[in-house]
S.K.: 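Could you have a look at this structure, given as structure tokens, before my questions?
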Protein chains: 2
Amino acid sequence: MAQGKIYVSALEVAERAGVSRSAVSRTFTPGASVAPETRRKVVEAAEALGYHVNQLARGLMRNESGIVCLIVSDMATPYRSSLIKALTQQLQNTGKIAMLVNTDRSDGSVDLALRQAIRYRADASIILSGLPDKSIADLCLKSGQRLVLINRNDDQEGTLKINLDDREAAGRVLTAFVRAGCERLAFANSDARTPSLMAREDGFVDAARAHGLDVIVERFGGTTYESGKILAQKLLTRSLRPDAVFCATDLLACGLLDAARHQFSLSVPEDLCVAGFDDIQQASWSSYDLTTFSQPVEAIALEAVSWLADEMDPAVRQSHSSRRLHAELVWRGSIRGG
Amino acid sequence: MAQGKIYVSALEVAERAGVSRSAVSRTFTPGASVAPETRRKVVEAAEALGYHVNQLARGLMRNESGIVCLIVSDMATPYRSSLIKALTQQLQNTGKIAMLVNTDRSDGSVDLALRQAIRYRADASIILSGLPDKSIADLCLKSGQRLVLINRNDDQEGTLKINLDDREAAGRVLTAFVRAGCERLAFANSDARTPSLMAREDGFVDAARAHGLDVIVERFGGTTYESGKILAQKLLTRSLRPDAVFCATDLLACGLLDAARHQFSLSVPEDLCVAGFDDIQQASWSSYDLTTFSQPVEAIALEAVSWLADEMDPAVRQSHSSRRLHAELVWRGSIRGG
DNA sequence: GCCCGCCTTGCAAGCGTGTGCAAAACTCTC
DNA sequence: GAGAGTTTTGCACACGCTTGCAAGGCGGGC
């Protein structure tokens with residue numbers, strides 16, 4: 001396959017169609033004025049030659065690349081990957097395209113990757129990274145990008161913040177535990193101290209207190225299956241063993257469930273009620289059958305993308321810059337008396 | 001945040017540094033000739049002004065965008081998402097950036113998204129989509145992109161094909177089953193009939209035949225957990241119940257395991273030996289503890305990205321255009337006598 | 001028939017960058 | 001100090017596209 005001269009340019013299309021280059025350009029610009037007959041000739045020539053608008057050049061002129069940058073850590077995690085999927089799908093629907101930046105490595109490579117993204121003049125960035133790297137957000141904003149923050153609560157100007165009703169959800173699960181007759185409550189958290197995780201924790205503790213109940217809170221590691229197992233060790237070896245655990249995340253819940261059953265030989269939900277958060281695929285697998293809260297992934301993606309598509313003036317955008325979505329409780333078998 | 005005039009151009013940097021614009025350009029072009037003193041002045045000015053090379057313009061000039069397009073279906077799947085993660089990481093390491101194209105929808109939107117990617121003049125595409133859409137590959141190639149196919153065996157010119165030793169792996173798991181004393185073998189497959197899935201099936205059947213054993217083959221649905229459950233129904237309700245099942249995929253295996261235990265009350269590995277393929281996270285969870293083959297995700301990513309980085313001449317590239325990697329058997333508790 | 005207004009079209013400038021070419025500056029040797 | 005050789009630098013063109021502007025074409029109302 002020869003290297004040089006692979007792509008067709010608008011000029012060649014114009015020559016073949018017998019029109020000017022501008023006509024070709026206008027044909028592929030929605031809303032531009034071009035006569036039906038001219039358009040037909042251009043489209044025909046373009047098709048024959050295999051012409052594709054050069055988005056690099058167009059972005060250069062329009063000062064609008066059509067690229068949206070997804071900045072994400074732990075992207076192989078079930079929840080994150082389903083969010084990425086929904087976002088890319090929605091972006092494609094609106095004619096934009098997703099660029100993926102992995103921020104797992106905490107060394108300079110993150111910064112490097114981000115700078116790389118800025119070089120491409122992305123129109124916007126969507127941050128679904130748990131890391132509280134405020135500097136990342138700053139850099140994006142300073143580059144004139146629009147910014148969407150998912151499950152974070154940085155207080156930035158001109159950004160869209162999407163969050164769930166984590167506190168209220170925590171209250172609802174408490175009610176369920178109480179109704180199931182649980183008395184010794186626990187909350188299993190990672191110690192990442194992400195805003196959303198802490199909201200669930202605080203919401204749960206507060207709701208319990210309102211019922212005159214105390215909560216044992218344990219925090220450990222990242223939000224992983226393995227952390228869940230360790231949290232189970234910490235919680236289930238106590239002299240007064242909890243009979244209900246709300247896990248900040250489904251992954252934690254899965255680890256905790258496995259440890260409870262296989263290491264401590266407990267039955268769920270008879271000996272122990274468990275709830276999680278995210279409604280990842282595995283929560284519905286029959287080994288877990290976990291009662292949990294569903295992340296409205298599609299709604300989040302839709303909200304983010306349509307905000308990006310909006311050509312609102314800054315003032316309006318400002319006032320609409322925060323969205324709270326509802327996390328629906330999904331009843332399964334890990335809490336008594338559904 | 002004002003809309004106009006956000007990005008700094010090389011010209012402004014040049015003016016501030018008191019040099020020509022070319023000097024700025026050369027400073028940020030590796031290997032270009034520029035005096036140390038000039039470079040210092042330029043870097044200083046660039047830093048002060050917050051200058052970032054406009055990759056759109058650079059791509060336009062160099063005819064090389066630095067973008068690599070990841071074309072993927074079922075991206076929220078554990079295996080796929082871990083591969084995406086590895087690939088984006090590797091790409092970032094070599095200064096390239098990943099663009100994500102979701103091909104789940106089988107309507108025209110796929111084609112649209114792909115066309116979108118072509119418009120960005122991606123240097124290469126990596127296809128990890130199970131779909132046998134040969135037209136996609138053709139379109140990429142015709143646009144002069146380099147192409148990497150993972151776990152597919154289309155016979156295209158000038159592409160890199162990365163596969164595993166699926167057949168051999170299947171042989172190894174058969175040996176394990178035989179050594180465990182299993183006699184009634186089965187293979188659980190999706191009916192996607194992807195090359196790699198079929199290679200595992202054929203390899204298993206052939207190896208069994210070499211041992212004078214027959215294999216019950218059952219195919220159903222996509223490679224999902226739910227399909228695994230259904231395959232369990234089909235296999236375990238037989239009059240002569242299999243005592244060993246090789247599942248084409250870990251997801252299938254998880255579904256099959258859950259059904260075997262919870263619906264058929266079988267013990268694994270006592271009543272039934274099970275093996276999977278992919279070594280997804282969940283395979284190591286104690287509810288599954290699945291013996292399986294690990295996908296060398298990092299190695300695959302490394303192979304793909306370094307092939308893309310290579311400036312080999314076409315002839316050499318041609319001869320190196322197919323790589324077979326080794327899938328290592330990961331021993332866990334779902335086969336007797338590890 | 002003429003004038004006015006609208007739709008369409010071509011021209012040309014510009015977006016921010018890379019790079020060949022020739023001039024300029026510098027280094028070194030004799 | 002002169003000349004040859006090597007860097008370094010600036011100029012200007014090119015990349016493929018959008019778009020303001022003005023000119024051309026066309027039809028309608030008088």
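Order of the sequence lines fixes the chain letters, A, B, ..., with proteins taken first and strands second; residue numbering starts at 1 for each chain.
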S.K.: In whole angstroms, how far is the P atom of D:dC17 from the CZ atom of A:Arg62?
M.R.: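 So the CZ-P distance, A:Arg62 to D:dC17, works out to 12 Å.
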S.K.: Tell me which nucleotide among D:dT7, C:dG10, D:dC17 gets nearest to the side chain of B:Ser33.
M.R.: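 Nearest nucleotide to the side chain: D:dT7.
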S.K.: Does the distance from a Lys or Arg side-chain N to an Asp or Glu carboxylate O, for B:Asp74 and A:Lys85, drop under 4.0 Å?
M.R.: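 Salt bridge absent between B:Asp74 and A:Lys85.
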S.K.: Within less than 4.0 Å of OP1 or OP2 of D:dG16, is there a side-chain N or O belonging to B:Tyr120?
M.R.: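 It does not, given that no N or O in the side chain of B:Tyr120 lies less than 4.0 Å from OP1 or OP2 of D:dG16.
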S.K.: How close or far is atom P of D:dT18 from atom CG of A:Leu56, stated in whole angstroms?
M.R.: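 Going from CG in A:Leu56 over to P in D:dT18 covers 12 Å.
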S.K.: Please figure out whether A:Arg26 or A:Ala10 has its closest DNA chain D nucleotide nearer the 5' end.
M.R.: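 Closest to the 5' end, via its nearest nucleotide, is A:Ala10.
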S.K.: Tell me whether the guanidinium CZ or amine NZ of B:Arg323 lies under 6.0 angstrom from the six-membered ring centre of B:Trp307 and within 45° of its axis.
M.R.: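 Output no; distance or angle outside limits.
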S.K.: Hey, which sits more toward the 5' end of DNA chain D by its nearest nucleotide, B:Arg121 or B:Gly18?
M.R.: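 Taking each residue's closest nucleotide, the earlier one in sequence belongs to B:Gly18.
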S.K.: Please confirm whether the backbone N or O of B:Ile67 pairs with a side-chain atom of B:Ser65, one donor and one acceptor, at under 3.5 Å?
M.R.: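 Pair found, side chain donor or acceptor close to backbone of B:Ile67.
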S.K.: A:Glu64 has an atom CD; how far is it from atom P of D:dT18, in whole Å?
M.R.: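 About 12 Å, once rounded to whole Å.
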S.K.: Give a yes/no on whether any side-chain N or O of B:Ser20 is located under 4.0 angstrom from OP1 or OP2 of D:dG10.
M.R.: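 Yes, B:Ser20 has a side-chain N/O under 4.0 Å of OP1/OP2 on D:dG10.
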S.K.: So, A:Tyr51 versus A:Tyr7, ring centres under 6.0 angstrom or not?
M.R.: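 Between A:Tyr51 and A:Tyr7, the centre distance exceeds or equals 6.0 Å.
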S.K.: Closest to the A:Ala35 side chain: C:dT8, C:dT17, D:dG16?
M.R.: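 Closest nucleotide to the A:Ala35 side chain: C:dT8.
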S.K.: Grab the CG-P distance between B:Leu11 and D:dC11 for me, whole Å please.
M.R.: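 Rounded to whole Å, this separation is 11 Å.
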S.K.: Considering just the side-chain nitrogens and oxygens of B:Tyr7, establish if one lies under 4.0 Å of OP1 or OP2 belonging to C:dT17.
M.R.: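 Checking C:dT17 against B:Tyr7, no side-chain N or O comes under 4.0 Å of OP1 or OP2.
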S.K.: Would A:Asn93 and A:Gln90 count as a side chain to side chain contact (heavy atoms under 4.5 Å, CB included) here? Give the steps.
M.R.: CA-CA 5 Å; A:Asn93 290 351; A:Gln90 291 287 354; 4.0 Å; yes
S.K.: Nearest-Å distance, CZ (B:Arg40) to P (D:dT8)?
M.R.: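 After rounding, the reported distance stands at 16 Å.
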S.K.: Between B:Arg21 (CZ) and D:dC11 (C1'), how many Å, whole number?
M.R.: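 Those two atoms, CZ and C1', are 10 Å apart.
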S.K.: Does A:Phe28 reach a base, just sugar-phosphate, or nothing at all? Heavy atoms under 4.0 Å.
M.R.: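 Since no nucleic acid heavy atom lies under 4.0 Å of A:Phe28, the category is nothing.
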S.K.: Could you check which of D:dC15, C:dT8, D:dA12 has an atom nearest any side-chain atom of B:Ser22?
M.R.: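 It is D:dA12.
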S.K.: I need the CG-P distance between B:Asn54 and C:dG14, as an integer number of Å.
M.R.: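 So the two atoms are 18 Å apart, to the nearest Å.
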S.K.: Respond yes when some side-chain nitrogen or oxygen of B:Ser25 is under 4.0 Å from OP1 or OP2 of C:dT17, and no when none is.
M.R.: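 False: B:Ser25 side-chain N/O out of range (4.0 Å or more) of C:dT17 OP1/OP2.
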S.K.: From CD of B:Glu12 over to C1' of C:dT17, roughly how many Å is that when rounded to an integer?
M.R.: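 Between C1' of C:dT17 and CD of B:Glu12: 14 Å.
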S.K.: Among the candidates C:dT19, D:dA14, C:dC15, find the nucleotide nearest to the side-chain atoms of B:Thr29.
M.R.: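 In terms of side-chain proximity for B:Thr29, the closest of C:dT19, D:dA14, C:dC15 is C:dT19.
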S.K.: Remember a base hit wins even if backbone is also touched, and classify B:Val24 as base, sugar-phosphate or nothing at under 4.0 Å, heavy atoms.
M.R.: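 No contact.
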S.K.: May I ask you to decide whether A:Glu44 forms a salt bridge with A:Arg40, counting only side-chain N to carboxylate O separations under 4.0 Å?
M.R.: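 So A:Glu44 pairs with A:Arg40 through a salt bridge.
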S.K.: Taking the side chain of A:Ala23 as heavy atoms from C-beta outward, which of C:dG16, C:dG10, D:dT18 is closest to it?
M.R.: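 Within the option list, the nearest is C:dG10.
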